[in-house]
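Let me begin by presenting the structure, written as structure tokens, before commenting on it.
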There are 2 protein chains.
Amino acid sequence: MALRYALLCALHEQPATGYELTQRFKTRLANVWNASHQQVYRELAKLQQEKLLLVEAIEQPNKPDKKRYHTTLAGRSALEHWLGQIQPRPATRDPLLVKLFAGDLLDLAVLHNELEALKKESLAQLEYYRVIEQTYFPNPGTLSRHYRLQYLALRRGILSAEANLNWLAEAEVTLQNLPNVPGRP
Amino acid sequence: MALRYALLCALHEQPATGYELTQRFKTRLANVWNASHQQVYRELAKLQQEKLLLVEAIEQPNKPDKKRYHTTLAGRSALEHWLGQIQPRPATRDPLLVKLFAGDLLDLAVLHNELEALKKESLAQLEYYRVIEQTYFPNPGTLSRHYRLQYLALRRGILSAEANLNWLAEAEVTLQNLPNVPGRP
DNA sequence: CATTATTATGCAACAAGGTGCATAATGTGC
DNA sequence: GCACATTATGCACCTTGTTGCATAATAATG
């Protein structure tokens with residue numbers, strides 16, 4: 001149920017097309033919410049039908065119109081209602097951690113590769129977030145309420161990526177010192 | 001697709017009933033994988049039908065039989081095949097972070113409550129993990145491969161909870177110094 | 001002794017998310 | 001000039017997860 005509110009939020013901030021929203025989910029909102037373009041278009045159509053959004057057709061020379069979505073008054077109050085309730089925490093479901101419970105069936109070389117992939121990903125994320133931090137939030141204390149809240153979301157991404165990397169460092173040490181004999185107790 | 005492998009993993013470690021598996025998801029596997037009892041029973045039935053699991057009927061005086069599930073050879077090789085592939089990272093979808101993009105529509109008092117709830121939850125988790133750490137893993141270097149890998153999963157829970165709390169501390173400072181005027185730029 | 005919690009199992013309907021495929025235009029590189 | 005990437009939109013089907021409901025026994029609590 002929350003995808004619709006992520007869309008309403010994003011469109012309240014700045015009207016956009018389905019394509020642009022998909023891009024935002026891949027970049028600025030990457031550590032906040034994810035959705036495929038198919039999911040975005042489907043939900044936008046539904047929200048429009050429910051009159052929580054309305055469409056502005058953008059003419060393009062020699063191309064079909066672009067559809068830019070805006071929130072309606074009903075859309076904003078639906079969003080406000082949702083914002084007013086405490087939302088349940090997302091459930092954790094991490095296949096990498098599941099693997100750690102496979103005991104003797106787990107191949108350490110594969111695990112190592114998977115940890116390396118996560119490390120690479122986390123480092124890339126962290127670097128990306130740091131660039132945004134220094135470019136857009138060099139002095140967060142001077143920002144408006146609006147941007148200070150968004151900065152908090154960015155900080156969350158940074159702290160999560162750092163926590164990942166700290167854990168990965170521990171994991172690497174563990175793997176290096178691991179007796180390759182299974183042996184239960 | 002990963003629920004089935006979480007179940008196969010758990011049952012490879014220790015045969016169990018649907019009920020017991022549900023309990024494990026709520027406790028020992030809380031930071032690893034989540035599933036409701038309905039989902040667990042449904043998937044167990046499916047896995048049994050596909051002959052990846054088999055059932056042992058446990059007689060109980062004056063009660064219907066308990067059904068304890070075991071992995072089959074086919075089950076173990078299906079699990080091994082899954083373990084051999086690098087699994088994609090779970091997508092992040094956090095309604096709390098979505099709210100930070102709602103700008104002027106967001107009520108700070110509600111946000112504060114939500115942060116407090118997360119703090120309480122994270123503290124409780126951390127305390128729980130720490131007890132397990134000190135009870136079951138007082139000297140991780142001496143443990144078998146099997147338990148050292150499980151210890152890694154626990155460490156992940158601990159580092160995540162700590163990262164949450166660090167972020168919450170930052171968030172509280174931000175909220176306290178926030179100009180309550182919206183004002184975009 | 002009635003009520004509630006815990007153990008133990010499941011079905012049915014629905015919502016949310018993922019996968020595959022399709023189309024159409026422009027721009028880019030070889 | 002042809003293949004591929006990017007911008008831009010969507011449908012249909014399938015899997016996964018959630019919600020509501022149901023049953024039945026024992027244990028604990030007042």
Side-chain angles (χ1 to χ4, degrees), chain A residues 1-8 11 15-27 29-30 32-50 53 55-69 82 87-95 98, chain B residues 1-8 11 15-27 29-30 32-50 53 55-69 82 87-95 98:
Chain A
M1 209 73 240
L3 169 62
R4 66 189 314 133
Y5 300 106
L7 290 169
L8 286 168
L11 292 173
T17 66
Y19 187 79
E20 285 161 359
L21 287 164
T22 307
Q23 300 307 309
R24 272 195 232 173
F25 280 133
K26 275 193 241 172
T27 54
L29 298 174
V32 174
W33 201 266
N34 280 280
S36 64
H37 69 97
Q38 293 94 331
Q39 227 189 327
V40 168
Y41 288 119
R42 190 205 293 159
E43 194 68 30
L44 285 174
K46 228 170 164 187
L47 286 166
Q48 188 197 348
Q49 205 184 291
E50 293 173 41
L53 295 180
V55 192
E56 170 199 5
I58 312 266
E59 282 179 55
Q60 298 181 115
N62 310 327
K63 274 204 259 186
D65 288 1
K66 261 201 284 196
K67 295 161 82 172
R68 182 183 291 152
Y69 290 87
W82 180 79
Q87 298 305 318
R89 297 271 70 218
T92 33
R93 290 195 183 95
D94 190 334
V98 167
Chain B
M1 208 75 241
L3 169 61
R4 65 190 312 132
Y5 299 105
L7 289 168
L8 286 168
L11 292 173
T17 66
Y19 187 80
E20 285 161 0
L21 287 164
T22 308
Q23 299 307 309
R24 273 194 230 173
F25 280 133
K26 275 194 242 173
T27 54
L29 299 174
V32 173
W33 201 267
N34 279 279
S36 63
H37 69 97
Q38 293 94 330
Q39 228 187 325
V40 169
Y41 288 120
R42 190 210 289 163
E43 195 67 31
L44 286 174
K46 228 170 164 186
L47 286 166
Q48 188 198 347
Q49 206 184 289
E50 294 173 40
L53 295 180
V55 192
E56 168 199 7
I58 311 267
E59 282 180 54
Q60 300 181 115
N62 311 326
K63 274 204 258 186
D65 289 0
K66 260 201 285 195
K67 294 160 83 171
R68 183 184 291 153
Y69 290 88
W82 181 79
Q87 297 306 318
R89 298 270 68 219
T92 33
R93 288 196 184 95
D94 190 333
V98 168

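Computed from a prediction, not measured in an experiment: that's the story for all the values here. Letters A, B, ... are given to chains in the order of the sequence lines, protein chains preceding strands, and every chain is numbered from 1.
- Contact check for R93(B) versus P90(A): no side-chain heavy atoms found under the 4.5 Å cut-off.
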Under 3.5 Å, which protein N or O atoms sit close to an N or O of nucleotides 14-18 of chain C? Give each pair with its distance.
| unit_1 | atom_1 | unit_2 | atom_2 | d |
| --- | --- | --- | --- | --- |
| dA16(C) | OP1 | M1(A) | N | 2.6 |
| dG17(C) | OP2 | Q39(A) | NE2 | 3.0 |
| dG17(C) | O5' | Q39(A) | NE2 | 3.3 |
| dG17(C) | O3' | R93(B) | NH2 | 3.4 |
| dG17(C) | N7 | R42(A) | NH1 | 3.1 |
| dG18(C) | OP1 | R93(B) | NH2 | 3.2 |
| dG18(C) | OP2 | R93(B) | NH2 | 2.9 |
| dG18(C) | O6 | R42(A) | NH2 | 2.3 |

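- Contact annotation: the side chain of K67(B) never approaches that of D65(B) to less than 4.5 Å [non-hydrogen atoms, C-beta and beyond].
- Counting heavy atoms from C-beta outward, F25(B) and S36(B) have side chains that stay 4.5 Å or more apart.
- Using a 4.5 Å heavy-atom threshold, the side chains of L8(B) and L53(B) count as touching.
- Screening Q87(B), M1(B), R4(B) for a side-chain contact (heavy atoms from CB on, under 4.5 Å) involving W82(B) leaves a single residue, Q87(B).
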Give each protein N/O atom lying under 3.5 Å from an N/O atom of nucleotides 5-9 of chain D, with the pair distance.
| unit_1 | atom_1 | unit_2 | atom_2 | d |
| --- | --- | --- | --- | --- |
| dT7(D) | OP2 | Y19(A) | OH | 2.7 |
| dT7(D) | O5' | Y19(A) | OH | 3.4 |
| dA8(D) | OP1 | K66(A) | NZ | 3.3 |
| dT9(D) | OP1 | K67(A) | N | 3.2 |
| dT9(D) | OP2 | Y19(A) | N | 2.9 |
| dT9(D) | OP2 | Y41(A) | OH | 3.1 |
| dT9(D) | O4 | H37(A) | ND1 | 3.4 |

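- For T92(B) (side chain) and A30(A) (main-chain N/O), a donor-acceptor pair under 3.5 Å exists by modelled atom type.
- Residues L44(A) and V55(A) have side chains not in contact (no heavy-atom distance under 4.5 Å, counting atoms from C-beta outward).
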